[in-house]
Amino acid sequence: LGNQAGFTLLEVLVVVGILGTLAAMSLMVSPAFSRHARAEAGISQVLDVMRSARDTAISQRRNVELVFVGLNALQTRRIDIDANGNQTGTTLLRTVELENNMQFRLQPGVPNTPDAFGAMAAPLTFTLAGPWMFTSEGTFVGGTGDVANGTVFLSIANQPTSARAITVLGTTALIRPWTWNGQAWVE
């Protein structure tokens, strides 16, 4: 057969692979993708701190307090006790400052999560006043020692689709992340 023009399957696959890589790279630098990535990083930071505090409380058999500092920092403190069960102080376990302009804040026009803990009057909405802590028995409580439910709202100012929330079910200390997709909260 004579000289036939055309491409081999290998050449076509290489070109498709290169085009796919370029398309993926262009998506990563789009402003919408960047905003989404920053919001996801913020909620991941808070989730990590809260889950670590819960796990530490259970494994060390000591209550671990959550302390929200300003608009963008979260601390965990272990409650220290003596041999008689009396509180002797606290030990700072961790301090995390939210990155990428994420803050503890409500986003105007974004409704409460499906768990609906609290009246959404503030970005930290708990059924009881603080201090809030995870107990060694695996519950989440307020300042009175009674079981508390709550929601932590996070977002970047003036970016409604950056809204994120974390709910805590007090009886089991179940921690659930939520993402606002512009129309509804999704888990």
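Contact of the I79 side chain with the R62 side chain is not registered, since no non-hydrogen atoms from C-beta on lie closer than 4.5 Å. A heavy-atom distance below 4.5 Å is found between the side chains of V46 and L98. Counting only heavy atoms from C-beta outward, the side chains of T76 and F134 never approach each other to under 4.5 Å. When side chains are defined from C-beta on, M102 counts as touching I156, because their heavy atoms get closer than 4.5 Å. The closest side-chain heavy-atom distance from V152 to W132 is not below 4.5 Å.
Heavy atoms only, all atoms of each residue included: L154 and G42 are closest at CD2-O, 4.4 Å. Residue L128 comes nearest to A148 through the heavy atom pair CD1-CB, 4.0 Å, listed as atom of the first residue, atom of the second, then distance. Of all the heavy atoms in A122 and F153, the pair that sits closest is O-CD1, 4.2 Å. Looking at every heavy atom in both residues, P177 comes nearest to I175 through CD-O, 4.0 Å. G138 and A173 get closest at one heavy-atom pair: O-CB, 3.6 Å. Across W180 and P111, no two heavy atoms sit closer than the pair CH2-CD, 3.3 Å.
In this structure, T161 contributes its side chain and G182 its backbone to no donor-acceptor pair below 3.5 Å. Proximity of a side-chain donor or acceptor of D82 to a complementary backbone N or O of N84 within less than 3.5 Å is detected. A donor-acceptor pair is defined here as one N or O able to donate and one able to accept, closer than 3.5 Å; such a pair exists between the side chain of N149 and the backbone of G170. Between the side chain of S59 and the backbone N or O of D55, at least one donor-acceptor pair lies under 3.5 Å.
Of the inter-residue distances, the one linking E97 atom CD with Q75 atom CD reads 9.5 Å to the nearest 0.5 angstrom. Rounding to the nearest 0.5 angstrom, the gap separating the OG1 atom in T139 from the CG atom in L174 is 13.0 Å. Between the CZ atom of R51 and the CG atom of L47 there is a distance of 4.5 Å, given to the nearest 0.5 Å. Interatomic distance, CG of D115 versus OG1 of T125, reported as 12.5 Å (0.5 Å rounding). Here the CD-CG distance, from Q45 to L74, works out to 9.5 Å after rounding to the nearest 0.5 Å.
Note on L124 and V67: separate hydrophobic clusters, where clusters join Ile, Leu, Val, Met, Phe, Trp and Tyr whose side-chain heavy atoms are under 4.5 Å apart, directly or indirectly. In the hydrophobic cluster analysis, where Ile, Leu, Val, Met, Phe, Trp and Tyr join through side-chain heavy atoms closer than 4.5 angstrom, V147 is grouped apart from F126. Each of L169 and V141 belongs to its own hydrophobic cluster when Ile, Leu, Val, Met, Phe, Trp and Tyr are linked at side-chain heavy-atom distances under 4.5 angstrom. I166 and L66 fall within a single hydrophobic cluster, where Ile, Leu, Val, Met, Phe, Trp and Tyr are joined by side-chain heavy atoms under 4.5 Å apart, directly or via other members. F140 and I43 fall within the same hydrophobic cluster, defined by Ile, Leu, Val, Met, Phe, Trp and Tyr side-chain heavy atoms under 4.5 Å apart, directly or through other members.
Summarising the hydrophobic clusters (Ile, Leu, Val, Met, Phe, Trp, Tyr; side-chain heavy atoms under 4.5 Å, direct or chained), the residues clustered with L71 are none. Cluster partners of F7 are V12, V16, counting Ile, Leu, Val, Met, Phe, Trp and Tyr whose side-chain heavy atoms approach within less than 4.5 Å, directly or via other members. V15 forms part of a hydrophobic cluster together with L19, judged by ILVMFWY side-chain heavy-atom separations under 4.5 Å.
Every salt bridge (Lys or Arg N to Asp or Glu O under 4.0 Å) that E187 has, sequence neighbours left out, goes to R176. Residues satisfying the salt bridge (Lys or Arg N to Asp or Glu O under 4.0 Å) criterion with R77, sequence neighbours excluded, are absent altogether. Taking the side-chain hydrogen bond (donor to acceptor under 3.5 Å, both in side chains) definition, one finds that T91 meets it with R78, D80, sequence neighbours left out. For W178, there are no ring pair (Phe, Tyr, Trp, His ring centres under 6.0 Å) partners two or more places apart in sequence or in a different chain. In this structure R94 satisfies the side-chain hydrogen bond (donor to acceptor under 3.5 Å, both in side chains) test together with D48, sequence neighbours excluded. Not counting sequence neighbours, E65 has no partner by the side-chain hydrogen bond (donor to acceptor under 3.5 Å, both in side chains) test. The side-chain hydrogen bond (donor to acceptor under 3.5 Å, both in side chains) check on S155 picks up Q107, with sequence neighbours excluded.
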Quiz item: Given N63 and S136, is the side chain to side chain contact (heavy atoms under 4.5 Å, CB included) satisfied, shown in steps?
Solution: CA-CA 5 Å; N63 292 350; S136 59; 4.2 Å; yes

Quiz item: Under the side chain to side chain contact (heavy atoms under 4.5 Å, CB included) criterion, do W185 and V110 qualify, and how do the steps go?
Solution: CA-CA 9 Å; W185 289 103; V110 176; 3.4 Å; yes

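Counting non-hydrogen atoms of neighbouring residues, nucleotides and ligands closer than 6.0 angstrom, the CG atom of N86 exceeds 12 such neighbours. No more than 12 heavy-atom neighbours from other residues, nucleotides or ligands sit within 6.0 angstrom of CG on N101.
The salt bridge (charged side-chain N to carboxylate O under 4.0 Å, His left out) pairs that include a residue from residues 139-161 number zero, where partners must be two or more places apart or lie in different chains. Residue pairs that meet the ring pair (Phe, Tyr, Trp, His ring centres under 6.0 Å) test with at least one member in residues 82-114, sequence neighbours left out, are F68-F104.
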